[in-house]
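Worksheet: the structure to be examined is printed underneath.
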Amino acid sequence: MRSSWRLGKILGVEVNIDPSWLVIFALITFTLGGSYFPRQYPSWSSGMHWLIGLVTSFLFFGSVLAHELTHSLVAIRQGEKVRNITLFIFGGVAQITEEPDRPAKEFTMAIAGPLSSLMIAAFFAIWWLVFQTTSQPLAALGRYLAMINAILAVFNMVPGFPLDGGRVLRAIVWGMTGNLKKATRVASLTGQGVAFLLIFIGLRQIFAGLFVNGLWLIFIGWFLHSAAVRGYHHVLMREMLRGLRAEDLMTKDFETVAGDLSLQDLVEDHILGRHRHTFVVTDAGRLEGMVGLGDIKKVAREQWASTTIRQAMTPREELEIIAPDDDGNIILQRLSEKDVGQLPVVENERVIGILQRGNILRRLRTRTELGI
Ligand SMILES: [Zn+2]
């Protein structure tokens, strides 16, 4: 995971800001304060242009946040867990840990966002009308926010997965066919279609001399395309994992090390020599923890000789332990929830295998090739 700033909790949902979001914030503030408002309202002072630009930019940020919060609150009401909301360069995403299990649930969760944007647009349209005769700057602010929220609602309703409209489309096809995989495929393909259309329009704008606008559309298109493909693969993977157990997916080929070995010895004898990156730490056969490159990198190099594996490892209490007959989808969820690369499979207090993200994929591929 990339590092993002924690803004705090709003209505019980953790809100994060990705550094890339600052780019869009600066861009909107500069466009509004330096160009849009001066062109529309030349009679204002330059200070007023910038002040209204900045306030509008903040309120736009609040609008995007409200859109994502609405998705999250509806999801929570439906019994889903929401990990967090992250605002980044293309807007926001609410990280809902599980895929919805019913079409109706997905439909309500998806449509809630654009509806909230429409309501915010209506609110600022009324604001605009109210201040139209009394304050030109406040009216201008309302006008812009009404417009941008309406655009937000419309763009999100474009029927391409993973946009909200794509999720609505998926829910409808899913409801009609009862087949989530097929529904995701349809929604993902329209998503890719929309993405190519945006890239095409972007290229045309670049050739027409509108370089920044064009580049922007190409970026959004590229992002949408990769998200649409990823969303489909995710569902495919869930489908393939269904019915598989930890035992089918784990690797028994792992190495055990003792906790009192120094990091120096671990690196020299086990990592550099044998190209392994993760080790199970045991004490008389019992699981004590796991140690990997990530744990080692946290210790300064000069201290490797004087630090034991036990001091640097991730201890058992912090590990998510998997039983041999745990379901494949639960494992995938644990791997992504905890954001770890590997999990130990434990039976009768003994480690019988480890699950690694990359390994699961490889095993699935082998099974598909063999037709199992
Ligand atoms: Zn949305």
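All figures in this text were calculated on a predicted structure; none of them were measured in a lab. Indexing begins at 1, ligand by ligand and atom by atom, following the structure's order.
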- Task: Please list, chain by chain and in numerical order, all residues satisfying side chain to side chain donor-acceptor pair (under 3.5 Å) with Asp253, sequence neighbours excluded.
- Result: Arg276
- Task: Please find out if less than 6.0 Å separates the ring center of Phe107 from that of Trp174.
- Result: no
- Query: How would you list all residue pairs meeting side-chain hydrogen bond (donor to acceptor under 3.5 Å, both in side chains) that involve residues 108-120, not counting sequence neighbours?
  - Reply: His67-Ser117, Thr70-Ser116, Gln78-Thr108
- Message: So which atom in Val229 and which in Ser188 form the shortest heavy-atom distance, rounded to 0.1 Å?
- Response: N-OG, 4.2 Å
- Intermediate values then yes/no, side-chain hydrogen bond (donor to acceptor under 3.5 Å, both in side chains), Thr308 and Gln311: CA-CA 5 Å; Thr308 63; Gln311 290 167 312; 3.3 Å; yes
Under 3.5 Å, sequence neighbours excluded: what are the donor-acceptor pairs made by side chains of residues 193-213?
none

- Item | Distance filter under 2.8 Å, centred on the Zn ion (ligand 1) - protein N, O or S atoms that pass it | His67 NE2, His71 NE2, Asp164 OD1, Asp164 OD2
